[in-house]
There are 2 protein chains.
Amino acid sequence: MFKKLSTVLVLFVVTLLVFAPIMRAEEGMWTFDNPPMKQLAAKYNFHPTQAWLDHLRLSSVRMNDGGSGSFISADGLLLTNHHVARGQLQKNSTAEHDYIANGFYATTPDQEMKSPDMEVNILVGMENVTEKVQGAAKGIKDPKDAIKAREAEIAKITKESKDKTGLRSDIVSLYNGGEYWLYTYKAYTDVRIVFAPEEQAAFFGGDPDNFTYPRYDTDMAIFRVYDNGKPLHTDNYLKWSAKGAAPGELVFVSGHPGSTERDETMAQLLVQRDIVGPGVTEYLQRRVADAQKFAAQGPEQARLVATTIFGLQNSLKVYIGRKDALADKAILEKKQADESDFRARIDANPEWKKEYGGVWDTIAKGEELVKPEIKGQIFRRSDSRLLGMALQIVQYVTEIKKPDGERLPQYHDAGLQTLKFQLASPAPIPVSLEKLYMTTALSLGTDKMGKDDPYFKAILNGNDIPTTVNTLIDGTKMGDPAFRKSLMDGGEAAVAASTDPMIVTARRLDPVVRANQMRLRDTISTILTPAGEKLGKARFLAYGRDAYPDATFTLRLSYGTVDGYPYNGTIAPPFTTFYGLYDRSASFSNKDPFDLTPKQAAALPKLDLSTPLNFVTTNDIIGGNSGSPVVNREGELVGLVFDGNIESMAGDFVYDGSKNRTVAVHSAGMMEALRKIYGAGALADEIEGKK
Amino acid sequence: MFKKLSTVLVLFVVTLLVFAPIMRAEEGMWTFDNPPMKQLAAKYNFHPTQAWLDHLRLSSVRMNDGGSGSFISADGLLLTNHHVARGQLQKNSTAEHDYIANGFYATTPDQEMKSPDMEVNILVGMENVTEKVQGAAKGIKDPKDAIKAREAEIAKITKESKDKTGLRSDIVSLYNGGEYWLYTYKAYTDVRIVFAPEEQAAFFGGDPDNFTYPRYDTDMAIFRVYDNGKPLHTDNYLKWSAKGAAPGELVFVSGHPGSTERDETMAQLLVQRDIVGPGVTEYLQRRVADAQKFAAQGPEQARLVATTIFGLQNSLKVYIGRKDALADKAILEKKQADESDFRARIDANPEWKKEYGGVWDTIAKGEELVKPEIKGQIFRRSDSRLLGMALQIVQYVTEIKKPDGERLPQYHDAGLQTLKFQLASPAPIPVSLEKLYMTTALSLGTDKMGKDDPYFKAILNGNDIPTTVNTLIDGTKMGDPAFRKSLMDGGEAAVAASTDPMIVTARRLDPVVRANQMRLRDTISTILTPAGEKLGKARFLAYGRDAYPDATFTLRLSYGTVDGYPYNGTIAPPFTTFYGLYDRSASFSNKDPFDLTPKQAAALPKLDLSTPLNFVTTNDIIGGNSGSPVVNREGELVGLVFDGNIESMAGDFVYDGSKNRTVAVHSAGMMEALRKIYGAGALADEIEGKK
């Protein structure tokens, strides 16, 4: 009776070994222009049509708070994670109405609650502009001139697109710059909150269970997108699957993985391991410690800072996972073997060798040049949202007077709409948090870089940190969106004349920041960008076009199956049930962070406890995929991605199909919760098309 | 909200570091003459009385099938694990009545079912006889003569004890021979089966979940001990705790850990790692593979061989765990550091150094001499129960004519009662299994040792393996207990005259086995035993008497607390509940080995699903502790040990309190199952003293 499962365990190991030198099954975050048709045909006999792909793409949404989502009704209902919606819930909350602690449900349309600064994007157009972008610099000898020519070309392409279509138009660099694409997005900014469970239900198990599985989280939230003040009507939405996906079933994730470093060279990985990782980890740990001290002052402080702690601890767990991955001998050996194989393929062809053989050494040299700047990149920061906006305004009024191609990258025409939307946000910026974050950043920053570092000198201006923080934050009017708008409208003159202490400081800071940015940009644009581009081209030569690019927070398709994996000396199940939620809670005597919410406790007699709640799939995803839909062959929504397991933390660098798993909320579990825990039958009916 | 738990996780790590060079909290399998009073007083302010200790000792039972148990009623009810009772259930089962698959419950005393060959022992006396044993060899120069003198003394002590008390009397060597104790046991052989659940309920999760936690197993069985045909009346039984132990509560385990190698030197560990481990693993894997092929032939074959596969896979998981432990750099470094510390303490005292400083090198040399014999120790075997008994009879009739002190160790007077009981067992020995096991053993053995190895030559006698196996097993009458008895009673003449093919083979085999045994014994008794004894004495000098000896399948007391531990990137709960059973089953779509039994499925509406089912404690245990009671400060039974977690597999060599856990069935869970799943209310009432 044990034979079968032992065989499964053995097979996991064998699979990993057999496929080690080539791409592992189900690896890849594929662009929609190059879906893994061959793999799907060979392994699953599945042949998605262009219409199938288009419908999934157009039903997928990028949440510019840093996640993904999908349309789930003809009237603009948008499903994403609670933790993606969390910022907007926080911004709507007050000491009286804590929508994070208590959840939210709009039983009528007029109760649907605006998100102060949520923008969502739908990828409506994709055009390969590699030749245009790379061609712009052709024949130009000086690398700095070349980069300028290319930036001008990029600005031109995006402006033309924006002018022609009215759509947000971005140039996306893929395959280390081996390809450039013009992505056009339909953007919506009237995004209203319809439903969110209590955070404790969404994030049951808290920081300990974060990035692990088995899980029992209702990490969902539902918005409705409005267009011209009315619910957006769309045909591009995902039909809800009541039963979800069965173990072994083929499923897809369509979403926006943030970033990976899988195509980086060993030299780059070692910089990540030895410099970036430890620095960022120290920064995050310091922020968590300071924020926790603040939270300990009282319940209102705890409420205010909770989103921050939540996000920081999440990042910290990621960075610790990355550290473990890069400390794993097997992973580094695998990466080294991959690189050796890649180099050997290039060196085997004399022409390729001549053109590309030196690129790894060039990148290694470039990394050496960048190294001294990394510390500053990590620690030169104020973490003040107000000072950040002040600097944006100071730079904005100057930059927009330049031709688009000559501006700092963040002020190109293509991005101005989003920038203005963010600066106009009415969301309150709590003074106490500003002071907390700025104090941490300045204390740690001056510890690390010295008080004489020009960046901190410009901020402190001869004062100590407490004086600086209090003077700037108490004295500024930057918290008022109307004030920010008046400065932007007033242009250079208004900014130059302003005596607001944040603006005054930002004026001092601007040249320092520009100088720092330029120093790094020089190395990157003259050495690393061209070398990376060569690396991307070399990869096409060595391995063909049957590859996927590193993640770039643009839309990707991944495929996989619902499947458990070896864990803890045994096997993790393909899905969990509501039984498990009540087990884990009871197992910890219902203590934080394993406490049930009052609604969950009250609903117990009504629930079918065997309903699947969370499940795992072999899909290859990464942070940014939060909120992505999981769909079946029919394109129906069977789940909602909200996490990766602890083993997936190595996914930044390598995919291991034997144990890297996507963790998702099950469609049946979401329905059970909506109807029986939250009494949201009307919403459930709308989603299931029953209204 | 995450602060507290993060702190817990950090503390685990710190604890481990701080206490690293000395004994970790809660480490130790203590003898009842030397309980950890200091630790209990200091850490828990608990001061067990002699009466408390005596009551627990006398309520504890050694199950000579290889486990532990305890009395739980005044009328001889004995609680142990299902997997300890499994052999006796199997021996009572037939194709018609499968008590393993279906469980068993005697609703009236006359239904209680005899165990064919189960002997249980209660440790009633402990006497330190170190001086007598060590003194016997004083002044004798030749190590072989010394060892003979000592063996004669041991035989004398045990014979005197047996004659005087009528009790089973064993000499137990502790602390590598640093101490010798005379243990006297009350033995019972009329042990009847009262209750067992279905194996699937006892071993839910099967081989994958074996040695892991969280678990959801009802791994219990209840016997009743009879004395002179009547239920044994005893005051020494454990009161049942209805509520069990709370997280953080101090608990004790009283049982019979089989063996550990914690006091072995690095040289010995490396022999374990490099020779013993791989050899035993290969042997087990081959046996599992052959047994699985046999099981695949049909349901009756599968039933017959199930106990064997169960045991082999269990051992295999242990050996794989041991392998992982010895492959763990941190563990080996820890062991090396401990040994270096030990040697430094001895070398720091010139007198000690002179006497003991060379002992590590002596042991290393002894291991070198033993090495060539290890392969033979592992692979020279027939795995035929019938041939094994034939050899016992051939040797028995010769040995009992010698003075007790000169016999082979297994034929001393002290052990004869048990030997005769085993040889008289009426349990049937299935011919098909005999053939299966013998074929595997002879095939693997001749592969490894060659067909000309005297051991296999003696068995095969010029024939091939299939012929040998069939001739011996089909032609022998050794399966009949009366035949065995007639040979034993007939003595040397009867054995010499027998033409039974097994006896004939055993006569050829006897001198070979003796020669092999003597070769090994020479090295062990002249080098390793004296050196081990020195090591034990040196340990007392270096670390004092505040230590526990390696496990020897004798009664030990361990203490600990109910506590979760870091696992899978998060924390494992202190206990699980029935909710978890139904979750894990549903999570695997109720598929083998995660299927509920019909009784479990039917009982669902009646159960309080939040009842604790299994729990974990920091107690330090090892295989052999299966079936041990877990008791609280009041000496009440709060649980039933049935496993260790996967992290405890390193426990053979080192105890790591941060994650080494004892896994037990909860007293509340057992009651819930007895009353609501198995309808065994009368038995539950008797246990709870309600009848």
Side-chain angles (χ1 to χ4, degrees), chain A residues 1-6 8-9 200 205-214 216 246-247 288 292 295-296 302 306 309-310 313 317 321 564 566-589 591-594 609-612 645-647 649, chain B residues 1-6 8-9 200 205-214 216 246-247 288 292 295-296 302 306 309-310 313 317 321 564 566-589 591-594 609-612 645-647 649:
Chain A
M1 75 190 243
F2 314 121
K3 190 167 44 167
K4 208 175 49 200
L5 280 151
S6 305
V8 169
L9 289 170
Q200 177 55 25
D207 185 45
D209 275 6
N210 195 15
F211 292 117
T212 73
Y213 179 82
Y216 315 94
V288 168
Q292 286 179 334
I309 293 180
F310 177 97
Q313 285 190 318
K317 210 159 178 179
Y567 105 115
N568 183 38
T570 177
I571 44 178
F575 60 87
T576 65
T577 71
F578 279 93
Y579 277 124
L581 169 66
Y582 292 90
D583 174 58
R584 195 151 170 85
S585 172
S587 290
F588 284 102
S589 308
K591 280 186 192 144
D592 173 21
F594 301 101
L609 294 173
S610 67
T611 309
N645 63 352
I646 197 81
E647 291 84 350
M649 296 293 94
Chain B
M1 76 192 241
F2 316 120
K3 191 165 45 169
K4 208 175 47 198
L5 279 153
S6 305
V8 169
L9 288 171
Q200 177 54 22
D207 183 47
D209 275 7
N210 195 16
F211 293 115
T212 72
Y213 179 83
Y216 315 93
V288 168
Q292 287 179 333
I309 293 180
F310 177 97
Q313 286 190 319
K317 210 159 179 180
Y567 105 115
N568 183 38
T570 177
I571 43 178
F575 59 88
T576 65
T577 71
F578 279 93
Y579 278 124
L581 168 67
Y582 292 90
D583 174 57
R584 195 151 171 84
S585 171
S587 291
F588 284 102
S589 308
K591 279 187 193 144
D592 173 21
F594 301 102
L609 294 173
S610 68
T611 309
N645 63 353
I646 197 81
E647 292 84 350
M649 295 294 95

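Scope of the values below: all heavy atoms of this structure, side chains included, with no hydrogens, waters or symmetry mates. To find a chain, count down the sequence lines: A is the first, B the second, and so on, and within it residues start at 1.
For chain A, no part of B:L581 is nearby; none of its heavy atoms comes within less than 4.5 Å. Looking at B:Y567, only its side chain comes within 4.5 Å of chain A, counting heavy atoms on both sides. Contacts of A:A572 with chain B are made by backbone atoms alone, with heavy-atom separations under 4.5 Å and no side-chain atom involved. Neither the backbone nor the side chain of B:A246 comes within contact range of chain A, judged by heavy atoms closer than 4.5 Å.
Shortest non-hydrogen contact noted between A:T212 and A:K317 is CG2-NZ, 4.2 Å. Nearest heavy-atom pair, B:N568 versus A:Y213, reported as atom, atom and distance to 0.1 Å: ND2-O, 2.7 Å. Among all heavy-atom pairs drawn from B:A295 and B:A302, the shortest one is O-CB, 3.7 Å.
The distance from atom OG1 of A:T570 to atom CG of B:N645, rounded to the nearest 0.5 Å, is 13.0 Å.
Of the listed residues A:F575, A:Y579, A:Y582, the one with more heavy-atom pairs under 4.5 angstrom with chain B than any other is A:Y579. Looking only at heavy-atom pairs under 4.5 Å with chain B, the residue among A:N210, A:T577, A:I646 that has the most is A:T577. Options A:P574, A:P214, A:P247 differ in how many heavy-atom pairs under 4.5 Å they form with chain B, and the most are formed by A:P574.
We find that A:D209 and A:R584 are joined by a salt bridge, their nearest charged nitrogen and carboxylate oxygen being less than 4.0 Å apart.
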